[in-house]
Amino acid sequence: MAKIIKVQKGTKDILPQEVEQWHRLEKNALEIFTRYGYKEIRTPIFEATELFARGVGDTTDIVNKEMYTFEKSDRSITLRPENTAGVVRSFIENGMSRLSAPVKLWYKGPMFRYERPQAGRQRQFHQVGVEMFGIKEPTADAEAIMLAVDYLKSLGLNDLEVEINSLGCPKCREEYKNKIKEVLKPEFDNLCEDCQSRYEKNPLRLLDCKVESCKEIFEKPEIKKVIQSDFICEECAQHYSKLKSYLDKLNINYTENKLLVRGLDYYNRTVFEIKSNNLGSQNAVCGGGRYDSLVRNLGGEDTPAVGWAMGMERLNSLLPDIDSHKLDAYVVSNSETEAFILTQELREKGVKVEFDLANKKFTKQLEKASKTANYALIIGEDEIKANKVSVKNLQTSEQVTVDRKDVINNINIG
RNA sequence: GCGUCUGUCGUCAAGCGGUUAAGACCUCGGAUUGUGGUUCCGAUAUGCAUGGGUUCGAAUCCCAUCAGACGCCCCA
């Protein structure tokens with residue numbers, strides 16, 4: 001036998017028995033997002049590498065070590081690791097800033113990140129997400145979070161935790177970063193390896209290190225004081241407190257998490273995540289926030305924006321399995337021609353129905369029917385002569401013989 | 001990139017140095033049931049991820065490789 005070729009590491013087939021669940025995720029997304037005024041956009045799977053370098057940020061791991069990049073005739077191309085950069089690119093390229101604000105776009109599709117797979121993490125995975133352009137007011141942040149919660153509710157997920165934080169604006173955040181670096185400088189050599197690299201790359205990330213020795217350092221009074229100081233400027237603070245008041249009024253439960261720092265460079269002010277305790281260590285189903293400078297950084301006009309993305313595989317793992325649909329009926333007959341004809345008549349009327357293409361023995365056909373369908377439609381010689389069909393309910397074993405044209409009235413179509 | 005654990009039929013598995021490598025489900029064939037889903041028979045791994053070793057003897061021990069799971073980093 002020839003060698004079997006297997007799926008690539010970190011990728012998965014979505015098999016027929018799971019596809020029903022995916023349909024549900026997609027159907028609810030369309031329905032709920034549309035209700036909030038969002039329109040779907042589909043951008044290409046690959047983009048110029050530079051888009052992600054400039055968009056997502058070249059200090060991030062996503063860009064530094066997780067991109068699928070390849071060269072084609074002097075162009076550097078990358079499989080999208082996330083979709084915000086692509087949507088922003090399209091927003092700019094198609095002149096959407098001329099549309100009346102807000103411009104609300106949603107997407108779904110595969111993303112690619114070259115990482116070690118583990119629970120809730122694959123190399124090809126799927127996200128649904130939304131992006132809203134043109135509104136700087138915190139109402140937009142609140143509505144985006146509301147939408148996320150609403151969507152999750154529509155899927156029956158009510159008990160998830162919403163965490164929020166404000167990163168401030170580039171200006172006040174920079175000051176905060178510098179203060180942290182300053183106060184930690186004497187301790188630099190005592191920090192763990194990861195923290196030492198974070199010290200330069202993203203000082204905000206230092207704070208939730210799990211290494212004991214680092215934790216102890218952060219507990220020192222003079223350091224703790226700096227870490228816990230409210231660094232954000234007056235304007236940012238106002239924005240944040242308004243957001244919280246909207247969330248309160250809308251009855252969205254949330255907790256504030258000062259350590260919540262999203263890893264993508266483009267965020268400012270509001271960041272949030274929605275987490276579940278049933279996901280293993282990759283416990284965020286949703287992550288997002290405000291990114292007011294991204295559009296400008298990618299060459300567009302200054303345009304405020306908020307957005308979020310959800311991991312569809314993670315969502316799916318929280319949802320109960322759906323039974324894949326049974327057939328409405330299975331035609332049983334020793335005459336494959338008659339079976340074929342009856343099957344087609346019913347299919348034209350919208351019935352999900354099959355017959356035995358292999359023309360096996362009568363009892364095997366019935367066995368197949370009982371396993372795959374709700375009704376068996378039996379046409380033996382007697383029935384054919386009389387132009388009738390015996391309809392057997394396979395749950396109750398009740399059987400009636402009816403005129404051929406009345407079959408459809410004697411079965412429930414699911 | 002690092003760490004921990006795992007790898008026996010399509011699936012779930014028993015086996016823990018000497019077995020003809022259990023069993024269950026699925027699938028297929030047959031018997032029987034006045035038309036099935038009950039029951040009964042039968043088929044389905046010369047091989048235990050791959051390659052080396054240790055041993056009289058290995059699925060069982062050791063090493064390497066590969067694959068998978070989980071965790072770190074990071075992220076949805």
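Order of the sequence lines sets the chain letters (A, B, ...), proteins ahead of strands, with each chain counted from 1.
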Rounding to the closest angstrom, what is the interatomic distance between [N] and [M] at atom [atom1]?
| N | M | atom1 | answer |
| --- | --- | --- | --- |
| B/rU6 | B/rC63 | P | 12 Å |
| B/rC12 | B/rA49 | P | 14 Å |
| B/rA59 | B/rG53 | P | 15 Å |
| B/rG10 | B/rA43 | C1' | 15 Å |
| B/rU55 | B/rG71 | C1' | 37 Å |
| B/rG15 | B/rC48 | C1' | 10 Å |
| B/rC61 | B/rC16 | P | 11 Å |
| B/rA45 | B/rA21 | C1' | 8 Å |

Of the nucleotides [options], which one has an atom closest to the side chain of [X]?
| X | options | result |
| --- | --- | --- |
| A/Glu115 | B/rG71, B/rA69, B/rA76 | B/rA76 |
| A/Thr363 | B/rU33, B/rG29, B/rC70 | B/rU33 |
| A/Lys364 | B/rC74, B/rA76, B/rG30 | B/rG30 |

Does a side-chain N or O from [X] land closer than 4.0 Å to OP1 or OP2 of [N], or not?
| X | N | answer |
| --- | --- | --- |
| A/Ser281 | B/rG71 | yes |
| A/Gln118 | B/rG71 | yes |
| A/Lys361 | B/rG30 | yes |
| A/Gln282 | B/rC72 | yes |
| A/Lys9 | B/rG68 | yes |

Selection residues 337-359 of chain A - residue pairs positive for salt bridge (charged side-chain N to carboxylate O under 4.0 Å, His left out), sequence neighbours left out: A/Glu338-A/Arg404, A/Glu345-A/Arg404
Over 60° means perpendicular and under 30° means parallel, so tell me whether A/Trp308 and A/Tyr151 are parallel, tilted or perpendicular. parallel
Applying the Watson-Crick and G-U wobble criteria at under 3.5 Å, what pairs with [N]? Answer none if nothing qualifies.
| N | result |
| --- | --- |
| B/rC25 | B/rG10 |
| B/rC72 | B/rG1 |
| B/rA49 | B/rU65 |

How would you label the contact of [X] with the nucleic acid (heavy atoms, under 4.0 Å): base, sugar-phosphate, or nothing?
| X | value |
| --- | --- |
| A/Glu273 | nothing |
| A/Leu315 | nothing |
| A/Ala369 | nothing |
| A/Gln122 | base |

Write down the distance between CZ (A/Phe272) and C1' (B/rA76), rounded to a whole number of angstrom. 12 Å
Take the protein atom CE of A/Met111 and the nucleotide atom P of B/rA76, then report the distance between them rounded to whole Å. 11 Å
The single option from A/Glu163, A/Glu161, A/Gln282 passing side chain to side chain donor-acceptor pair (under 3.5 Å) against A/Lys275: A/Glu163
Sequence neighbours left out, what passes side chain to side chain donor-acceptor pair (under 3.5 Å) with A/Lys9? Give chain and number order. none
Examine A/Lys242 relative to A/Tyr246 and say whether NZ or CZ is less than 6.0 Å from the centre of the six-membered ring and inside a 45° cone about the ring axis. no
For A/Tyr240, is the NZ or CZ atom of A/Arg269 found under 6.0 angstrom from the centre of its six-membered ring and inside 45 degrees of the ring axis? no
Where at least one partner belongs to residues 126-136 of chain A, residue pairs that pass side-chain hydrogen bond (donor to acceptor under 3.5 Å, both in side chains), sequence neighbours excluded: A/Thr84-A/Glu131, A/His126-A/Glu313, A/Glu131-A/Tyr291
Between B/rG36 and A/Phe362, is there a base-stacking contact, meaning the centre of the base's six-membered ring lies under 5.5 Å from the residue's ring centre while the planes stay under 30° apart? no
Hydrogens and angles aside, do A/Gln124 and A/Thr11 bring a side-chain donor and acceptor to less than 3.5 Å of each other? no
At under 4.0 Å between heavy atoms, which parts of nucleotides 2-8 of chain B does protein reach? Answer with one letter per nucleotide, 5' to 3': B base, S sugar-phosphate only, - none. BB-----
Show me the side-chain donor-acceptor pairs of residues 406-414 of chain A shorter than 3.5 Å, one per line, residues at least two apart or across chains.
from: A/Asn410; atom 1: ND2; to: A/Asp406; atom 2: O; distance (Å): 2.9
from: A/Asn412; atom 1: ND2; to: A/Tyr375; atom 2: OH; distance (Å): 3.1

List in numerical order all residues of residues 370-391 of chain A for which some heavy atom is under 4.0 Å away from an atom belonging to RNA chain B. A/Ser370, A/Lys371, A/Ile378
With respect to A/Phe125, which candidate in A/Arg314, A/Met312, A/Met111 satisfies the side-chain contact (heavy atoms from CB on, under 4.5 Å) definition? A/Met111
Report the C-alpha separation of A/Glu18 and A/Asn316 in whole Å, then their side-chain angles, then the decisive distance to 0.1 Å, and conclude whether the side chain to side chain contact (heavy atoms under 4.5 Å, CB included) test is met. CA-CA 9 Å; A/Glu18 310 162 64; A/Asn316 253 334; over 6 Å; no
